Engineer: 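A single structure is presented below for examination.
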Amino acid sequence: YQRRVHGGTGMIHCFTLKNPSFPEYTFTTESGVMCLDFHPQHASLLACGLYDGTVMVFDVRQKANKPIYMSNVKTGKHSDPVWQVYWEKEEAPKSPNFFSVSSDGRVSNWVLAKNELLYSNVIELKLTDDKEKGQTVDPDAALAGLSGGCCFDFNKFQESVFVVGTEEGKIRKCSKAYNSQYLETYEGHYMSVYSVQWNRYHPNVFLSASADWTVKLWEQHTKQPLVSFDLGSSVGEAAWAPYSSTVFAAVTADGKVHVYDLNENKHEPMCDQLVVRKAKLTRICFNPRSPIILVGDDRGTVLSLKLSPNLRKVTKADEGKNRQDVEIDKLNKIIDVTTKDRQLLERA
């Protein structure tokens, strides 16, 4: 898809890896497309967020170049660009629904009703945290409006809990059950947070990437980051690998892809490779089954890259041991060592 940081029309291309030179399906929109998400169970449903604040749902089986659902001003359209959309895993009696986060400070839920999109606000991202102990809320800050949301991710193990990255660099932990307060605030970045992602195996660990050149590893019960990685340029996105709890990759504005395996080296990347010149890399994602990553740049190009064998090592589980437990133990060892190192530094 094309991600445009100005007005004008947008375009969605759906490709197959069997023919990466020409799209299978193409849809056009009246505003630049900022984000996409395919439904995890109904593979033909594609939600997208636009630069003008609209959210849309396309059915890629339909040849018509128009969405089957679309928000408008009357039905709660965002007033600023939508940076991320995320389908909720469907449960039997519920209608399909997805979430969106926008620079207007709202995280919204959209339900696909019979004839229209029904919306509700999950949370409004206040600049101040009401529950910070011992601090009085500055009334001027409360009037300053809302904090722009840049990204979010829902915890796979606690579906009601999600984290949101904001324009001022704070990460807010929220719950679908409380729409007026944060569960926690994580401070470590000092510029916009462009991506947050929970670990696929460990229920308490997440990753964040920021314009401040860093990727940070967090444990949800600790306010400070466990580890910070300086990548030397603004980081567009960081993503966990589907095959290991300790492997992640990130893309930077200088055109590089960085791949880390914390089980092999906690400080240096296993690989950092220049893949584009004269363009900024903005997006990265892993293929869930094959050792392939996709990266996108700010000029509208998408590249598919294959991971070499040393970057896709899978830890074998001993007999009688669950794969999930093996991956959690592997990451816990790294967390324990990192925590002890920090305690020693603090004592010194």
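FYI, side chains are in, hydrogens and waters are out, and symmetry mates aren't considered; it's all heavy atoms of this structure. As the structure is a computational prediction, the values presented were derived from the model and not from experiment.
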Engineer: Would you tabulate the side-chain donor-acceptor contacts of residues 201-212 under 3.5 Å, counting partners in other chains and residues two or more places apart, or write 'none'?
Structural biologist:
residue	atom	partner	partner atom	Å
Y201	OH	P242	O	2.7
H202	ND1	N204	N	3.2
H202	NE2	N332	OD1	2.8
N204	OD1	Q220	NE2	2.8
S208	OG	H189	NE2	2.7
S208	OG	W218	NE1	2.8
S210	OG	M191	O	3.3
S210	OG	S192	O	2.9
S210	OG	D212	N	3.0
S210	OG	D212	OD1	3.2
D212	OD1	H189	ND1	3.4
D212	OD1	T214	N	3.1
D212	OD1	T214	OG1	2.6
D212	OD2	H189	ND1	3.0
D212	OD2	Y190	N	3.2

Engineer: Answer yes or no: does atom NZ of K176 have more than 12 heavy-atom neighbours from other residues, nucleotides or ligands under 6.0 Å?
Structural biologist: yes
Engineer: Starting from I328, can I reach L217 by hopping between I/L/V/M/F/W/Y residues whose side chains sit under 4.5 Å apart?
Structural biologist: no
Engineer: Salt bridge (charged side-chain N to carboxylate O under 4.0 Å, His left out) for D297 and R283? Distances and angles first, verdict last.
Structural biologist: CA-CA 7 Å; D297 68 28; R283 289 300 205 195; over 6 Å; no
Engineer: Can you list the steps and then say if K126 with S147 is a side-chain hydrogen bond (donor to acceptor under 3.5 Å, both in side chains)?
Structural biologist: CA-CA 6 Å; K126 294 176 188 168; S147 150; over 6 Å; no
Engineer: Taking all heavy atoms of D52 and all of S31, pick out the closest pair and write down the distance.
Structural biologist: N-OG, 3.1 Å
Engineer: Determine, step by step, whether S228 and K216 satisfy the side-chain hydrogen bond (donor to acceptor under 3.5 Å, both in side chains) criterion, reporting the C-alpha distance in whole Å, the side-chain angles of both residues, the deciding distance to 0.1 Å, and the verdict.
Structural biologist: CA-CA 4 Å; S228 184; K216 295 186 193 292; 2.8 Å; yes
Engineer: Just by distance, no angles: are the side chains of N72 and T75 close enough, under 3.5 Å, to form a donor-acceptor pair?
Structural biologist: yes
Engineer: If you look only at distance, which donor and acceptor atoms sit under 3.5 Å apart when one is on a side chain in residues 17-28 and the other is two or more places apart or in another chain?
Structural biologist:
residue	atom	partner	partner atom	Å
N19	OD1	S21	OG	3.0
T26	OG1	H13	ND1	3.1
T28	OG1	N65	ND2	2.7

Engineer: Could you walk me through whether E88 and K94 pass salt bridge (charged side-chain N to carboxylate O under 4.0 Å, His left out), step by step?
Structural biologist: CA-CA 10 Å; E88 184 171 42; K94 289 174 81 176; 3.5 Å; yes
Engineer: Suppose the criterion is side-chain hydrogen bond (donor to acceptor under 3.5 Å, both in side chains): which pairs have a residue in residues 34-48, not counting sequence neighbours?
Structural biologist: H39-E90, H42-E90, S44-D59, S44-R61
Engineer: Give me the atom names and distance for the closest heavy-atom approach of V101 to G149.
Structural biologist: CG2-CA, 3.8 Å
Engineer: Would L127 and E168 count as a side chain to side chain contact (heavy atoms under 4.5 Å, CB included) if you check the C-alpha gap in whole Å, the side-chain angles of each, and the deciding distance to 0.1 Å?
Structural biologist: CA-CA 9 Å; L127 283 163; E168 76 267 18; 4.0 Å; yes
Engineer: Could you report the tightest heavy-atom contact between S175 and L183, atom names first, then the distance?
Structural biologist: CB-CD1, 3.8 Å
Engineer: What's the shortest heavy-atom distance between I12 and C48, and which atoms?
Structural biologist: CD1-SG, 3.8 Å
Engineer: Would a hydrophobic clustering, with Ile, Leu, Val, Met, Phe, Trp and Tyr connected at side-chain separations under 4.5 Å, put L46 with Y69?
Structural biologist: no
Engineer: Taking T9 for its side chain and E30 for its backbone only, find out whether a donor-acceptor pair lies under 3.5 Å.
Structural biologist: no
Engineer: Does Y178 OH have over 12 foreign heavy atoms under 6.0 Å away?
Structural biologist: no
Engineer: How about F154 and Y86: are their ring centroids closer than 6.0 Å?
Structural biologist: yes
Engineer: Ignoring hydrogens and angles, tell me if any N or O in the side chain of E219 forms a donor-acceptor pair with the backbone of H221 under 3.5 Å.
Structural biologist: yes
Engineer: Check the pair V193, T166 against side chain to side chain contact (heavy atoms under 4.5 Å, CB included), reporting the backbone distance first and the verdict last.
Structural biologist: CA-CA 6 Å; V193 178; T166 62; 5.6 Å; no
Engineer: Evaluate the criterion ring-ring contact (aromatic ring centres under 6.0 Å, His included) for residue pair F229 and Y260; output intermediate values, then yes/no.
Structural biologist: CA-CA 10 Å; F229 306 91; Y260 284 80; 4.8 Å; yes
Engineer: Treating Ile, Leu, Val, Met, Phe, Trp and Tyr as nodes and any side-chain heavy-atom pair under 4.5 angstrom as an edge, say whether V259 and F248 lie in one connected cluster.
Structural biologist: no
Engineer: Assess whether side-chain hydrogen bond (donor to acceptor under 3.5 Å, both in side chains) is satisfied between S100 and W110, documenting all intermediate values.
Structural biologist: CA-CA 8 Å; S100 62; W110 305 85; 2.8 Å; yes
Engineer: Closest heavy-atom contact between M56 and T29?
Structural biologist: SD-CG2, 3.9 Å
Engineer: Is it true that a side-chain atom of N179 and a backbone atom of I123 form a donor plus acceptor pair closer than 3.5 Å?
Structural biologist: no
Engineer: Would you call D80 and H78 a side-chain contact if the rule is heavy atoms closer than 4.5 Å?
Structural biologist: no
Engineer: Take atom NZ of K333 as the centre, draw a 6.0 Å sphere, and report whether it contains more than 12 heavy atoms from other residues, nucleotides or ligands.
Structural biologist: no
Engineer: Throw together a table of side-chain donor-acceptor distances under 3.5 angstrom for residues 112-122, partners on residues two or more places apart or in other chains.
Structural biologist:
residue	atom	partner	partner atom	Å
N121	OD1	R106	NE	3.1
N121	OD1	S108	OG	3.0

Engineer: Can you check side chain to side chain contact (heavy atoms under 4.5 Å, CB included) on W240 and N199, steps first, answer last?
Structural biologist: CA-CA 6 Å; W240 289 107; N199 191 277; 3.4 Å; yes
Engineer: Does the distance from a Lys or Arg side-chain N to an Asp or Glu carboxylate O, for E159 and K89, drop under 4.0 Å?
Structural biologist: no
Engineer: Quick one: CG on L226 to CZ on R342, what's the gap to the nearest 0.5 Å?
Structural biologist: 6.0 Å
Engineer: Do L281 and L307 land in one hydrophobic cluster if side-chain heavy atoms of ILVMFWY residues count as linked below 4.5 Å?
Structural biologist: yes
Engineer: Is the closest side-chain donor-acceptor distance between E237 and S195 under 3.5 Å?
Structural biologist: no
Engineer: Test your reading of the model: is there a side-chain donor-acceptor pair from T339 to the backbone of I335, 3.5 Å cut-off?
Structural biologist: yes
Engineer: Show every salt bridge (charged side-chain N to carboxylate O under 4.0 Å, His left out) that has at least one partner inside residues 249-275, sequence neighbours left out.
Structural biologist: E264-K313
Engineer: Provide the closest heavy-atom pair for G53 versus K77 in the form atom of the first, atom of the second, distance.
Structural biologist: O-CG, 3.6 Å
Engineer: Measuring from atom CH2 of W83 to atom SG of C151, what distance do you get when rounded to the nearest 0.5 angstrom?
Structural biologist: 10.5 Å
Engineer: Could you pull out every donor-acceptor pair under 3.5 Å between side chains of residues 285-294 and any protein atom, sequence neighbours left out?
Structural biologist:
residue	atom	partner	partner atom	Å
N287	OD1	R289	N	2.8
N287	OD1	S290	N	2.9

Engineer: For side chain to side chain contact (heavy atoms under 4.5 Å, CB included), just list the numbers for V247 and L311, CA-CA rounded to whole Å, side-chain angles, deciding distance to a tenth of an Å, and then say yes or no.
Structural biologist: CA-CA 8 Å; V247 175; L311 301 177; over 6 Å; no
Engineer: Roughly how far, to the nearest 0.5 Å, is the OG atom of S160 from the CG atom of N155?
Structural biologist: 8.5 Å
Engineer: Answer with yes or no whether the hydrophobic clustering places V161 together with V163; edges join I, L, V, M, F, W, Y residues whose side-chain heavy atoms lie under 4.5 Å apart.
Structural biologist: yes
Engineer: Is the side chain of D298 donor-acceptor paired with the backbone N or O of A279 at a distance under 3.5 Å, no angle test?
Structural biologist: no
Engineer: Do R172 and E184 sit within salt-bridge range, that is, some charged N less than 4.0 Å from a carboxylate O?
Structural biologist: no
